[in-house]
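Note that the structure is a prediction, hence the values are computed from the model and not measured.
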There are 4 protein chains.
Amino acid sequence: MEFQKDQPIYLQIADLICENILSGEWQEETRLPSVRELAISLEVNPNTVMRTFTYLQDQKIIYNQRGIGYFVAAGARELTRVLKREDFINAWLPQVFKMMNLLQIDLNEFQKLYHNYTKTG
Amino acid sequence: MEFQKDQPIYLQIADLICENILSGEWQEETRLPSVRELAISLEVNPNTVMRTFTYLQDQKIIYNQRGIGYFVAAGARELTRVLKREDFINAWLPQVFKMMNLLQIDLNEFQKLYHNYTKTG
Amino acid sequence: MEFQKDQPIYLQIADLICENILSGEWQEETRLPSVRELAISLEVNPNTVMRTFTYLQDQKIIYNQRGIGYFVAAGARELTRVLKREDFINAWLPQVFKMMNLLQIDLNEFQKLYHNYTKTG
Amino acid sequence: MEFQKDQPIYLQIADLICENILSGEWQEETRLPSVRELAISLEVNPNTVMRTFTYLQDQKIIYNQRGIGYFVAAGARELTRVLKREDFINAWLPQVFKMMNLLQIDLNEFQKLYHNYTKTG
DNA sequence: GTGGTCTAGACCACC
DNA sequence: GTGGTCTAGACCACA
């Protein structure tokens, strides 16, 4: 798998996992792939995956069962949605709105771009 | 002045300058504050401001007159608008749209948030 | 049963057993629950319980009778008391005293906390 | 420097730092030694020190100024005292009291051991 | 100079 | 088998 270079890999992996949880592909209380498995399938060093897991564990999105593996926490789906939403609304949107004002992009144009995206992307 | 930690300070300063140019506050062919002045007022290392200037000069948004200072280039306003617009549409919007889908925020909700922002912020 | 994560599960189980012996609930020369029984009631892998038994056997606190099960050894009560006492005085107390100094908790406060504990806990 | 083997080195380093803050040796808003310096003086890998710093930063005990270094946070002294105190009272003391009951060590004996410690240790 | 990330490889305790 | 920690060494962006 290829990663962008403008963000740490371990965070990109965290995003991947969160998306899997959000989309319901990975159910709560389900075991995640092991550190080594993920490392191999993502073509990444195990340490990097370990870092992702530690990071997500701190956020209570996953938890560890010793000697067995990592599991999606109960309530993880809701939690990630809240966290992502907060981040989006508080950190992203203000900047987006500011840019829209500066660049004189109004809601109409935004809608067009959005429809354009949903068709092609 | 306080800076966010998810982006290099020198780029954040560049953004500040571009916004001043875009808003018309700093007219073309006008002299910018000196490196030292900016560094002091922004509470930043002069090297960092210097880096911003070099960066903007590379993009032809400002130019240097030896021994005198940096000036807003002719056509800078239009240029920054184009550059920012490209960046916004190609780099930002796709991620915004993706998040909207993931978080199930539709255009209606987006509009509400937008109006809310234009009133308060 | 839930276990703390800062100590191996098999040692926490060993502690449980020792407490039962110390308190007199499990008399000497009495048969312990089988590995399977304990594993089920503690919601733990049988291997883990097995490890606990091996560990306690090494310390002569329990002994094995082939095909029958594990038994509390003769003198186990006195033995565990001595072992625990050594451990407590040499390994625990120094750290406790150090913390008390660092956090400026004196003997008076310690007494209050102790009385508070004996009433509620 | 030598470390105990029953606890991760990076946590032992964190404890060292906290003690320096608690004792007032390292004042708030003061710069910590750099990662590399600490690594050398503690005879440890820089990554290990880095881990300690990340850990303490998550707890808001230290903060980072980019390109400059890590600093003791404002309010760090109070914060560490509160955190350590909570940990001590909620996680340590109950176990200590429990042990005292099991081993029949009363407050009198505890006092003797305490005085003995303050004299010799 | 500073921190931050990543890889590679090793060793350990635990289940 | 699992995770967790540590070392060594490299490279990069930033101030």
Side-chain angles (χ1 to χ4, degrees), chain A residues 3-13 31-39 42-55 57 62-71, chain B residues 3 5-13 35 39 42-52 54-55, chain C residues 3 5-13 39 42-52 54-55, chain D residues 3-13 31-40 42-55 57 62-71:
Chain A
F3 293 96
Q4 299 163 336
K5 66 180 176 182
D6 63 339
Q7 207 193 8
I9 293 180
Y10 80 95
L11 288 181
Q12 296 184 47
I13 298 176
R31 187 174 168 280
L32 297 172
S34 81
V35 172
R36 291 166 175 80
E37 282 170 9
L38 255 187
L42 296 175
E43 295 171 345
V44 155
N45 189 291
N47 284 331
T48 305
V49 176
M50 190 64 228
R51 200 163 176 176
T52 302
F53 282 9
T54 310
Y55 173 75
Q57 192 179 31
I62 65 178
Y63 68 93
N64 177 268
Q65 222 166 321
R66 291 194 272 182
I68 301 176
Y70 279 89
F71 293 75
Chain B
F3 293 95
K5 64 182 177 182
D6 62 342
Q7 208 191 6
I9 292 179
Y10 82 96
L11 286 181
Q12 296 186 48
I13 297 176
V35 171
L42 296 175
E43 294 172 348
V44 156
N45 191 305
N47 286 332
T48 306
V49 176
M50 195 59 226
R51 193 161 182 173
T52 301
T54 312
Y55 171 75
Chain C
F3 293 95
K5 65 182 177 181
D6 62 341
Q7 209 192 4
I9 292 179
Y10 81 96
L11 287 182
Q12 296 185 48
I13 297 176
L42 296 175
E43 293 170 350
V44 156
N45 190 304
N47 287 331
T48 306
V49 176
M50 194 60 225
R51 195 162 179 174
T52 301
T54 312
Y55 172 76
Chain D
F3 292 97
Q4 299 164 333
K5 64 179 177 184
D6 63 340
Q7 206 192 10
I9 294 180
Y10 79 95
L11 287 181
Q12 295 185 47
I13 298 176
R31 186 173 168 278
L32 297 171
S34 81
V35 172
R36 290 165 176 80
E37 283 170 9
L38 255 187
I40 291 172
L42 296 175
E43 295 171 345
V44 155
N45 189 291
N47 284 332
T48 305
V49 176
M50 190 65 228
R51 199 164 180 176
T52 302
F53 281 10
T54 310
Y55 173 74
Q57 191 179 31
I62 65 179
Y63 68 93
N64 177 268
Q65 222 164 321
R66 290 195 274 180
I68 301 177
Y70 279 88
F71 294 75

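- Atom-to-atom, NZ of D/Lys5 to P of E/dC11 comes out at 17 Å; the value is rounded to the nearest Å.
- Computed from coordinates, the D/Tyr70 OH to E/dG1 C1' distance equals 15 Å when rounded to whole Å.
- Across A/Ala39 and A/Asn45, no two heavy atoms sit closer than the pair CB-C, 4.1 Å.
- In this entry the distance linking CG of A/Leu42 with C1' of E/dC6 reads 14 Å, nearest Å.
- In this model, no side-chain donor or acceptor of A/Arg36 finds a partner on the base of F/dG1 within 3.5 Å.
- In plain terms, the two heavy atoms of C/Lys5 and A/Arg66 that are nearest each other are O-NH1, 3.6 Å.
- Remark: F/dC6 base-pairs with E/dG9. Criterion, Watson-Crick or G-U wobble with two distances under 3.5 Å.
- At whole-Å resolution of the value, CG in D/Leu32 and C1' in E/dG3 are 13 Å apart.
- At the phosphate of E/dC15, neither OP1 nor OP2 sits under 4.0 Å from any side-chain N or O atom of C/Tyr10.
- Nearest-nucleotide mapping onto DNA chain F: of A/Ile68 and B/Ile9, the residue sitting toward the 5' end is A/Ile68.
- Between D/Arg66 and E/dT2 there is no side-chain polar atom (N or O) within less than 4.0 angstrom of OP1 or OP2.
- Listed for the B/Gln7 side chain is no donor-acceptor partner under 3.5 Å among the backbone atoms of B/Gln12.
- In terms of phosphate contacts, D/Thr48 brings a side-chain nitrogen or oxygen within less than 4.0 Å of OP1 or OP2 of F/dT7.
- In this structure, CZ of D/Phe3 is placed 9 Å from P of F/dT7, rounded to the nearest angstrom.
- Backbone-only engagement by A/Val44 is indicated by non-hydrogen atom pairs under 4.0 Å involving sugar-phosphate atoms exclusively.
- The distance between atom CD1 of A/Ile13 and atom P of E/dT5, rounded to the nearest whole Å, is 13 Å.
- Contact check, B/Arg51 against F/dC14: a side-chain N or O comes under 4.0 Å of OP1 or OP2.
- Rounded to an integer number of Å, the gap from A/Leu11 CG to E/dT5 C1' is 10 Å.
- Atom pair D/Tyr63:OH and E/dG3:P shows a separation of 14 Å (rounding to whole Å applied).
- Heavy atoms of B/Asn47 sit nowhere under 4.0 angstrom from any nucleic acid atom.
- Using a 30° and 60° split on the angle between ring planes, D/Tyr10 and D/Tyr55 fall in the perpendicular class, above 60°.
- DNA chain F is contacted by both B/Asn45 and D/Pro8; D/Pro8 maps to the nucleotide lying nearer its 5′ end (nearest heavy atom per residue).
- Comparing F/dT2, E/dT5, F/dC6 by their nearest atom to the side chain of A/Arg31 picks out F/dT2.
- Comparing A/Pro46 and C/Gln7 by the nucleotide of DNA chain E whose heavy atom lies nearest to each, the residue mapping closer to the 5' end is A/Pro46.
- Using modelled atom types, one side-chain atom of D/Arg31 and one backbone atom of D/Ile68 make a donor-acceptor pair closer than 3.5 Å.
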